[in-house]
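Within every chain, numbering begins at 1; the chains are lettered A, B, ... in the order of the sequence lines, protein sequences first and strands thereafter. Here the structure is a predicted model, which is why all the values come from computation and not from measurement.
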Protein chains: 2
Amino acid sequence: MRPTIKHVSKIAGVSTKTVSRVLNGERYVSEETRDRVQQAIAHLKFVPSMAARSLAGKRSHQVALLYDNHSPHYIHQIQTGVWTRCMEEGVRLLAQPSDVASPMLAQHVGELIDQTRVDGVILSSPVTDAIAVLDELEARGVPYVRISPGTEHSRSSSVAMDDVQAADDMTTHLINLGHRRIGFIVGHVNHTASDQRLFGYRRALDRAGIPFEPRYVRQGDFDFASGEAAGDVLLDLANPPTAIFASNDDMAAGVLTVAHRRGLSVPGDLSVAGFDDTALASQLWPPLTTVRQPTRDLAYAATGLLFSGETVHRRLPHELVVRGSTAPPSIQS
Amino acid sequence: MRPTIKHVSKIAGVSTKTVSRVLNGERYVSEETRDRVQQAIAHLKFVPSMAARSLAGKRSHQVALLYDNHSPHYIHQIQTGVWTRCMEEGVRLLAQPSDVASPMLAQHVGELIDQTRVDGVILSSPVTDAIAVLDELEARGVPYVRISPGTEHSRSSSVAMDDVQAADDMTTHLINLGHRRIGFIVGHVNHTASDQRLFGYRRALDRAGIPFEPRYVRQGDFDFASGEAAGDVLLDLANPPTAIFASNDDMAAGVLTVAHRRGLSVPGDLSVAGFDDTALASQLWPPLTTVRQPTRDLAYAATGLLFSGETVHRRLPHELVVRGSTAPPSIQS
DNA sequence: CTGTTAGCGCATTCAT
DNA sequence: ATGAATGCGCTAACAG
């Protein structure tokens with residue numbers, strides 16, 4: 001038979017309530033009593049039943065993570081970050097794949113809450129922007145934190161990187177190498193980060209006094225094929241770019257492929273840069289310079305906010321991983 | 001206030017026990033009563049409390065999935081498959097990253113079981129081969145199913161693909177194209193699939209009457225760098241292979257990089273093949289021919305076995321995705 | 001600082 | 001085919 005707090009209380013010579021106090025780290029328990037109880041717990045290898053705790057108490061010691069089909073790499077980073085923080089808190093994690101396209105999503109989330117009474121919810125992109133879900137969570141009074149939300153920023157605590165600054169940094173890096181004709185491939189139109197990355201690109205050009213040329217900017221949608229298409233157009237221009245900065249790595253991989261086909265050496269003839277959205281960079285050849293996003297840390301921090309109850313918007317720093325961008329051909333001589 | 005079965009029973013004009021019967025799909029409830037109850041449930045938007053169910057009953061309506069650092073792609077496929085099957089069964093999924101290197105793993109799993117009383121556990125590679133975990137689960141009488149176990153095959157139900165046959169198929173494909181000198185890069189030594197893939201390679205050669213040449217086989221460890229190293233050695237041979245079959249796609253990507261560096265065209269000068277362990281294939285250039293593993297289906301099927309209680313070992317079919325292997329240069333005319 | 005009493009929302013056992 | 005009583009293991013609200 002599995003031991004219960006009753007057994008523990010008997011062995012420790014205290015009431016069940018006192019055991020409960022120790023379990024929940026409540027104050028007003030003497031050092032000595034606490035020790036006795038903890039010894040009894042260790043002795044019996046007692047582990048409290050989640051079911052009983054959540055039925056009797058206000059907390060379930062569980063949190064849910066909502067996510068939708070981003071790249072497996074992204075999901076993995078997110079899960080790892082959230083899970084790590086949950087472990088520290090002694091809380092279990094409920095994985096909840098979601099379909100933001102489904103009109104039932106909010107209802108499913110509502111049922112999840114009712115069934116499990118989770119203590120809080122972490123929303124990762126793109127579920128962060130499902131208004132119906134936010135409404136549902138608020139209607140039920142469930143705390144939630146969002147990772148890189150695209151809209152409704154004031155509705156909850158959130159954690160994000162600075163996409164504008166990251167794109168600015170990367171563009172500035174290319175400019176500092178000597179590039180003046182820098183192609184840019186915009187990300188998917190529905191993705192807020194796309195606008196921000198474009199903005200950062202423009203800001204860096206402005207600051208350097210390089211005129212913005214619309215023909216160096218192409219629309220993509222975050223996948224390999226759109227990167228290929230945009231790369232082809234950019235390299236067909238009369239005065240083609242000496243560097244191409246794609247809004248993510250899938251598109252950057254597309255550009256690399258196009259360069260291959262044309263016999264361009266990378267980065268000798270063309271420097272290619274991107275973000276590490278899918279962690280492709282380390283497996284590509286020729287190499288890619290990328291913005292390393294702190295996805296795991298974002299998830300970890302977001303979960304921390306959930307537990308602390310703070311309402312804030314945190315920014316976490318990114319990092320430039322230079323691996324394959326050089327000076328433009330003209331000044332390499 | 002959240003509705004309970006008490007409210008439902010009042011509205012339906014039956015006892016709480018009858019509501020419980022409907023909830024659990026028990027027999028001996030008249031059609032008419034069942035309908036009335038279901039209407040009441042829908043009317044109140046009643047959702048049963050998981051905590052109360054698992055505290056009172058024998059089932060928790062939760063299963064746990066144990067996994068360790070494989071590629072994010074692998075984990076994602078596994079999770080999706082398991083989760084999909086769980087949804088069909090109305091069961092929640094507890095994500096449980098594990099560290100097979102930790103001596104505490106079995107204990108952590110034991111605590112998980114005690115805390116949550118999960119109805120069953122799915123083990124994915126490499127947790128499948130953590131003997132201490134199997135012992136712990138059996139000691140507690142918790143049903144479990146393993147996905148592609150490497151050892152102790154008789155201890156539980158399992159689901160797997162046929163790695164021998166898959167490697168055989170791929171090798172045969174290359175032979176049929178006209179290749180006679182086929183390089184092979186073995187996977188990580190601790191991975192059972194590595195042996196099997198090597199065996200399949202040899203079997204196909206034998207059947208075709210092609211002598212096995214040890215110098216065409218190199219040891220790798222499933223990562224990009226080991227693929228590069230092995231590729232270099234193979235292409236430096238006096239009579240180099242016209243095709244290289246790597247035991248996974250990370251290593252195959254390494255081979256592609258080496259080919260690039262040497263100015264070899266792929267697949268014109270060299271055909272490269274692999275498995276889709278990390279789903280790299282679609283993002284690589286030049287293209288790669290791969291064995292598509294039914295990872296998602298394996299997970300789905302494994303979860304089904306958990307619910308059915310059957311004790312069997314199932315094999316699921318793989319698929320060859322030919323995308324970039326051609327006849328060897330010598331017979332391309 | 002510690003104990004007592006009650007009850008969370010269900011499934012179970014045993015009735016009928 | 002349905003209902004009544006009991007308790008799962010814990011925490012809440014109080015009392016001391």
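- We find that CD of A:Q115 is positioned 15 Å from P of C:dG9, with the value rounded to whole Å.
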Would you tabulate the pairs of protein nitrogen or oxygen atoms and nucleotide nitrogen or oxygen atoms of nucleotides 3-7 of chain D closer than 3.5 angstrom?
residue: D:dG3; atom: OP2; partner: B:S15; partner atom: N; Å: 2.7
residue: D:dG3; atom: OP2; partner: B:S15; partner atom: OG; Å: 3.1
residue: D:dG3; atom: OP2; partner: B:T18; partner atom: OG1; Å: 2.7
residue: D:dG3; atom: O6; partner: B:R21; partner atom: NH2; Å: 3.0

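- As a whole-Å value, the separation of A:K58 NZ from D:dA13 C1' is 9 Å.
- For the pair A:I5 CD1 and D:dA12 P, the interatomic distance rounds to 11 Å; values are reported in whole Å.
- Crowding of A:H43 atom NE2: a count of heavy atoms from other residues, nucleotides or ligands under 6.0 Å not exceeding 12.
- In this structure, B:R53 reaches the C:dA11 phosphate: one of its side-chain N or O atoms is under 4.0 Å from OP1 or OP2.
- When heavy atoms are screened at a 4.0 angstrom cut-off, B:K6 is found touching no nucleic acid atom at all.
- Side chain to side chain, A:Q107 and A:E136 fail the donor-acceptor criterion of an N or O pair below 3.5 Å.
- Side chain to side chain, A:R296 and A:T80 fail the donor-acceptor criterion of an N or O pair below 3.5 Å.
- Going from atom CZ of A:F46 over to atom P of D:dG9 covers 10 Å, rounded to whole Å.
- More than 12 heavy atoms of other residues, nucleotides or ligands sit less than 6.0 Å from atom NZ of B:K17.
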Under the salt bridge (charged side-chain N to carboxylate O under 4.0 Å, His left out) rule, what do B:E138 and B:R155 come out as? Steps first, then yes or no, please.
CA-CA 9 Å; B:E138 283 164 22; B:R155 289 182 74 164; 3.0 Å; yes
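- Between the CE atom of B:M50 and the OG atom of B:S60 there is a distance of 6.0 Å, given to the nearest 0.5 Å.
- Atom-to-atom, CZ of B:R117 to P of D:dG9 comes out at 7 Å; the value is rounded to the nearest Å.
- Distance, B:N24 CG to C:dG9 C1': 13 Å, rounded to whole Å.
- We find that CZ of B:R36 is positioned 15 Å from P of D:dA1, with the value rounded to whole Å.
- Taking atom CG on B:D114 and atom C1' on D:dC10, their separation rounds to 16 Å, with Å as the unit.
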